[in-house]
Each structure stands twice: as structure tokens, then as C-alpha cells.
Amino acid sequence: MKYFLDSAKLDEIKKAYEDYGFDGVTTNPKHIMASGKPFRKCIADIAEYVADKPNFPVSVEINPHLKKADEMIEMAKEISLLSPNFVIKIPTTTEGVKAARKLEQQGVRTNLTLVFSPSQAIIAGKVNAKYVSPFVGWKEDNGEDGLQYIKDIVDIYQTYSFKTEIIVAAVRTGKQIAEAAKFGADIVTCGLAVYETSFNDPYTDFGLGVFQDAWDQTVTD
Ligand SMILES: O=C[C@H](O)COP(=O)(O)O
């Protein structure tokens, strides 16, 4: 399973890559806003950082106000020229699906985003999007079971041998990370704090205390 960082903050991206060896980055307009930088400056800085990291994909979302496939395609192509690492996030709407299909045919890799149902994920597979992003956290925030639809998408993709990779997005907990892995999703993406919390367990801290006590009662040199 690959771990992507969901952030547009360069310090967090560096930490994810350099300290933890994460596999890629996803961004969205909220993350760009949180970076405090103008959109083009933010993505140019990320492009510069990943220039010597060919296997470190970065998803960048188009202007969410664009409604027509032609407009989406134009912006996607323009952004994609900034870095070979960039994968362009396109909303899973009727026009977005048309845009993603044409972009993939023209060699621009896409990430169909804002996916909330298996039927949306099927069309992402059929147009050969590089990634599909079901938002498990948003569903579970609303009290829905977000994990069953991840399982359904994984099962459907296996049945039809779709090549599109599943990014379980908007992940909020270590449990969601583990469930996504259990179901066979390719990738999870979440913020650094969620990952760092998931690396820890109170029993580890408890056990460390036990071992420290033993160490202190032992002649160690
Ligand atoms: O764009 C996809 C993100 O994973 C959304 O997650 P978020 O609500 O935590 O920003």
C-alpha cells in the first residue's frame, strides 16, 4: 500500500518524503489555500522540489469553477506542463469524465476526484484515469459507512481488471488506513498528523516505560 500526503505545504511534503519515505502527494484547493501561497507559486514550488523525484506523483486540482470539459482540458494541460510528476485532479461530473477521457488519450494523467459511489468509480476505470479518489472521511463524517463502498470499488476493479489506482482519500484515522489496506486499496492519502498518530499506540509508550525501568535496574556497561 502506498502512502500519499494530503497537503500543499512544502515543509510537510519534505518531511513526508525525507523522514517517512512516502510515495506521493495529493492537493486540493483547500490545501493550496492553507499553504498561504498563490496557486501558481504554490504548485511551482512543489514542482521544483519534486524535479529530481520521478517516482513521486503530485495531484493538482483544476479550478473548481470550470464547468465545461474543454475549459477543464485547457487548464489541465497548462498545469501538467509544469512537472512530469503532476497528475491532474478533475471532478467526477459528466463534463469532468469527458475531460479526463480526452486528457488520458492525449497523455495527461488524471485523478478523478470527489467520488462518493461505486458507479462514479466505474466510469473512472473505464476512461482509464490514473487514479480515482473516493472520499471515505467525508462519508464517515456524515455518519455513513465509508468503508463498504471502498470494498465495493476494490472488488469491481478486480473483477474488470481496471488499471486505475484507488486512492482512499480524506482519511481521518488509523483504523480507516488499516481498513483501506485490508480491502486492497492501492493508496491512502491523509494529513501528516493522521499518519503520525497512526504510528503510535499507548501500549508502546507503556511498554517503553517497563523497559526503561528494567534498563535502570541493570548494569549496562
Ligand atoms: O482532496 C481530497 C482530500 O483527501 C480531501 O480530504 P480533506 O477533507 O481532509 O481535505
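Atoms within each ligand, like the ligands themselves, are counted from 1 in listed order.
- Among the atoms of Lys89, some N or O lies under 3.5 angstrom from an N or O of ligand 1.
- Among protein heavy atoms, atom 9 (O) of ligand 1 sits closest to Arg172 NH1, 2.7 Å.
- Between Tyr3 and Phe22, the distance from one ring center to the other falls under 6.0 angstrom.
- Which parts of ligand 1 touch Asn28 is read off a 4.0 Å heavy-atom cut-off, strictly below it: atoms 1 (O), 2 (C), 3 (C), 5 (C), 10 (O).
- Backbone and side-chain nitrogen or oxygen atoms of Ala170 are examined, and one is located within less than 3.5 angstrom of a nitrogen or oxygen of ligand 1.
- Side chains of Asp186 and Lys2 form no contact here, defined as non-hydrogen atoms less than 4.5 Å apart.
- Under 4.0 angstrom from ligand 1, there are no non-hydrogen atoms of Glu61.
- Scanning the protein for heavy atoms near atom 2 (C) of ligand 1, the closest one is Phe135 CZ, 3.2 Å.
- The contact set between ligand 1 and Ala169, taken as ligand atoms under 4.0 Å from a residue heavy atom, comprises 4 (O).
- Side chains of Thr92 and Gln120: a donor-acceptor N/O pair is absent below 3.5 angstrom, by distance only.
- Per-residue contacts place His31 under 4.0 angstrom from the following atoms of ligand 1 (heavy atoms of the residue considered): 10 (O).
- Checked by distance only, ligand 1 and Lys30 come closer than 3.5 Å through their nitrogen or oxygen atoms.
- Regarding atom 8 (O) of ligand 1, its nearest protein heavy-atom neighbour is Trp138 NE1, 2.6 Å.
- Note: Tyr195 and Tyr20 fail the aromatic proximity criterion, with ring centroids not under 6.0 Å apart.
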Got a list of side-chain donor-acceptor pairs under 3.5 Å for residues 125-133, not counting sequence neighbours?
residue	atom	partner	partner atom	Å
Lys130	NZ	Glu165	OE2	3.1
Ser133	OG	Asn111	OD1	2.8
Ser133	OG	Asn111	ND2	3.3

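- At the top of the distance list for atom 3 (C) of ligand 1, counting protein heavy atoms only, stands Asp6 OD2, 2.9 Å.
- A salt bridge links Glu78 with Arg40: the closest approach of a Lys/Arg side-chain nitrogen to an acidic carboxylate oxygen falls below 4.0 angstrom.
- Two residues are said to be in side-chain contact when any heavy atoms from C-beta on lie closer than 4.5 Å; Thr27 and Ile32 meet this criterion.
- The other residues sharing a hydrophobic cluster with Phe211 are Tyr203, Phe206, Val210, where clustering joins ILVMFWY side chains under 4.5 Å apart.
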